[in-house]
Amino acid sequence: MSATGRSKAITPPQVAARKNGTPLVCLTAYTTPMARLVDAHCDIALVGDSVGMVLHGLPSTLGVTLDMMIMHGKAVRRGLERALMVVDMPFGSYEQSPEQAFENAARVMAETGAGAVKLEGGVHMAPTIAFLVARGIPVMGHVGLTPQAVNAFGGYGVQGRGADAERIARDAAAVAEAGAFSIVIDKTTESLARAITESVPVTTIRIRASPARDGQVLVIDDILGLFGDFRPKFVRRYAELAETADAAIAAYAADVRARRFPAAEHVFADTAPGAREVK
Ligand code: KIV
């Protein structure tokens, strides 16, 4: 039985041990049905604060609350048997002090059954990461483009070009030194992501960055073609589910308006046809 109470569940030390191994496969999940699909194929299910933009229609991740993360974390947990569940700490829930971070991360771990939390930031968050790790909370770091700082960055542009590369390399080193078991490298140049992966001793998981070395993460709605607001360069779409859903809903609407649905086989007779009638 693992620490998460799931006998086959992947643990943070196992993720850390995959350095230079078969690439770690990670997708976001926000609901129980999606978690079940992710669990069948992925090593890590990330309950990302991207849930705010993807499922709640928020303009950025800044409006996501701890209660939202806990609610989605609980839902995802019910769909997982094998994948390590990592829950994002939302904006405002950890930056004030290590103590604030511990109080909120402990809630996330206790209430959702997560195996780890993820938080954004580099050198300035290293003391907080060390504080959590020393108290038994596994932490995944997140450097490069940190979407919760979108206002400070002035957008979602590529990070780490020119002299900025040194800042992000220092961030990654500090996060690894603080004890994070893995680090998301977000939207940096290919060469910087490669250099960081080669220099830190922990696994790196890339998004918007470069071909996977230790691992890759994407937002599930992006690869399924469910999030149609924009089509990012770094995403490969493996399905066009929004188009399929649109066609299905249009067909349903047409059937209802033309009285083709419900049909005789969908309605209940006055007398039960036998023991095998189903709901
Ligand atoms: O919230 C999220 O989905 C993330 C990924 C972008 C890594 O943090």
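This structure is a prediction, so every number in the text was calculated from the model and none was measured. In listed order, ligands and their atoms are each counted from 1.
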Option with minimal heavy-atom separation from atom 6 (C) of ligand 1, where the choices are L145, L27, I207, T61:
I207

Give the atoms of ligand 1, by number and element, whose distance to some non-hydrogen atom of [X] is under 4.0 Å.
{"X": "G48", "answer": "1 (O), 2 (C), 3 (O)"}
{"X": "H142", "answer": "8 (O)"}
{"X": "T28", "answer": "3 (O)"}

Cationic tip of R135 within the cone over F131's six-membered ring, i.e. under 6.0 Å and within 45° of the normal?
yes

V217 versus L27: any side-chain heavy-atom pair under 4.5 Å?
no

D222/R236 ion pair, N-O < 4.0 Å
no

Which residue and non-hydrogen atom of the protein lie closest to atom 5 (C) of ligand 1, and at what distance in Å?
L46 CD2, 3.9 Å

How far is atom 8 (O) of ligand 1 from its nearest protein heavy atom, and which residue and atom name does that atom have?
K118 NZ, 2.8 Å

Per-residue contact class, D88 against ligand 1 - non-hydrogen pairs under 4.0 Å
side chain

Hey, does Y30 come in under 3.5 Å of ligand 1, counting only N/O atoms on both sides?
no

Contact (N/O only, under 3.5 Å) between S50 and ligand 1
yes

When you check the side-chain N and O atoms of S50 and T28, is any donor under 3.5 Å from an acceptor?
no

Nearest 0.5 Å please: distance from the CD1 atom of I185 over to the NE2 atom of H142.
10.0 Å

Working to the nearest 0.5 angstrom, can you tell me the gap between D88 CG and Y94 OH?
8.0 Å

Y252, OH: over 12 other non-hydrogen atoms inside 6.0 angstrom:
no

